[in-house]
Amino acid sequence: MSASGACVLCAVTLTSPVGEILLRGCEKGVHTIDIKLNTDKEESVSCCSVHPVVLSEMSSELQRCVDWLQCYFMNPESISALPLPALHHPLMQSDSFKAQVLKTLLKEVGVGKTVSYKQLAEMIGNPNAVRAVGSAMKQNPVPLIVPCHRVLLSSGHTGSYMGGKGDDIKVWLLTHERKAVELNPSQSGKSI
């Protein structure tokens, strides 16, 4: 933190199977994860991998996030064994409705599982807040860690991801998780 108390952010850019991912954070935790559209994807034949390509001075929490993402793309069913990186985005520090939705999603919907917007609204005790849940998903500052890609329409369709521009990414993430859980069913995450 700076003398003024404001966070001093550093960043790391990773390549991944879904394209470049920009992580920003301070020594207290990760602030944002930004999946860049229309970037090169790392399509390793042997496994999915994440590689730092641009580094500034990286905090231990950003390093923990890099490690977590590497595990996610290589063995998503085993991420529950890793400590989550600390999240330090102001939204995630608040007690707001949106924060409650995102924290519930993180805590309750594990790898290979999905939930509808309606089910998530019910989980937080407000079954009529379906649209507000959707709004919270759009403002998720840390996708992948807070798995907004696991939230589907009640019809079972994937719905829009990243404003509709990342729908192929959502499908890839869900397929990636489903395959991993099918290969290692005893390692799957929390269920609904």
Side-chain angles (χ1 to χ4, degrees), residues 14-24 30-43 48 50 65 68-69 71-73 75-77 79-80 84-85 87 89-92 94 96-183 185 188-192:
L14 310 169
T15 58
S16 80
V18 296
E20 282 187 7
I21 300 172
L22 176 62
L23 310 176
R24 288 188 193 94
V30 178
H31 284 241
T32 59
I33 297 175
D34 185 16
I35 302 169
K36 299 291 187 182
L37 296 170
N38 302 319
T39 57
D40 291 336
K41 294 171 175 53
E42 177 70 26
E43 298 191 31
C48 299
V50 178
C65 189
W68 192 93
L69 287 170
C71 183
Y72 175 80
F73 284 111
N75 299 306
E77 72 284 0
I79 59 169
S80 61
L84 278 171
L87 303 177
H89 186 278
L91 174 60
M92 298 306 291
S94 76
S96 69
F97 174 82
K98 289 177 184 172
Q100 181 184 3
V101 170
L102 296 173
K103 290 173 186 176
T104 299
L105 177 61
L106 173 62
K107 184 178 175 184
E108 300 297 331
V109 185
V111 172
K113 308 297 180 192
T114 58
V115 64
S116 71
Y117 292 95
K118 180 178 169 99
Q119 289 171 317
L120 188 53
E122 291 168 352
M123 291 167 69
I124 60 166
N126 195 342
N128 295 322
V130 175
R131 286 181 183 251
V133 165
S135 177
M137 295 303 103
K138 288 178 187 173
Q139 294 183 18
N140 179 6
V142 285
L144 301 175
I145 292 177
V146 176
C148 54
H149 62 277
R150 296 182 191 146
V151 183
L152 308 175
L153 301 175
S154 292
S155 66
H157 291 97
T158 59
S160 182
Y161 190 63
M162 299 172 65
K165 297 175 183 169
D167 293 348
D168 61 323
I169 293 171
K170 184 172 186 170
V171 169
W172 189 94
L173 293 169
L174 292 170
T175 302
H176 175 62
E177 290 182 9
R178 196 174 311 115
K179 285 179 186 175
V181 169
E182 286 171 1
L183 292 174
S188 66
K190 298 160 257 192
S191 63
I192 297 297

Report task. Apply side chain to side chain contact (heavy atoms under 4.5 Å, CB included) to the pair V146 and M92, showing each step before the final yes or no. Result -> CA-CA 10 Å; V146 176; M92 298 306 291; 4.0 Å; yes
Query - K118 vs V133, side chain to side chain contact (heavy atoms under 4.5 Å, CB included): CA-CA, chis, key distance, verdict - result: CA-CA 8 Å; K118 180 178 169 99; V133 165; over 6 Å; no
Within this structure, what is the [atom1]-[atom2] distance for the pair [X] and [Y], rounded to the nearest 0.5 Å?
X	Y	atom1	atom2	result
I35	S16	CD1	OG	7.0 Å
L120	L102	CG	CG	8.5 Å
S96	L91	OG	CG	5.0 Å
T15	F73	OG1	CZ	10.0 Å
L152	K170	CG	NZ	5.5 Å
L22	R24	CG	CZ	4.0 Å

**Report entry** Full working for side chain to side chain contact (heavy atoms under 4.5 Å, CB included) between S80 and V111
**Finding:** CA-CA 9 Å; S80 61; V111 172; over 6 Å; no
Query raised in the report: Between M162 and L37, does a side chain to side chain contact (heavy atoms under 4.5 Å, CB included) hold up when you go through it step by step?
Result: CA-CA 9 Å; M162 299 172 65; L37 296 170; 3.5 Å; yes
Query raised in the report: Looking only at atom types and distance, does a side-chain atom of Q100 sit under 3.5 Å from a main-chain N or O of F97, one as donor and one as acceptor?
Result: no
Report summary line: Of V171, D168, L173, the one forming a side-chain contact (heavy atoms from CB on, under 4.5 Å) with Y161 is L173
Report summary line: Scanning both residues in full, the closest heavy-atom pair of G112 with V181 reads CA-CG2, 3.9 Å
Query raised in the report: Of the non-hydrogen atoms in W68 and L144, which two are nearest, and what is the gap between them?
Result: CH2-O, 3.4 Å
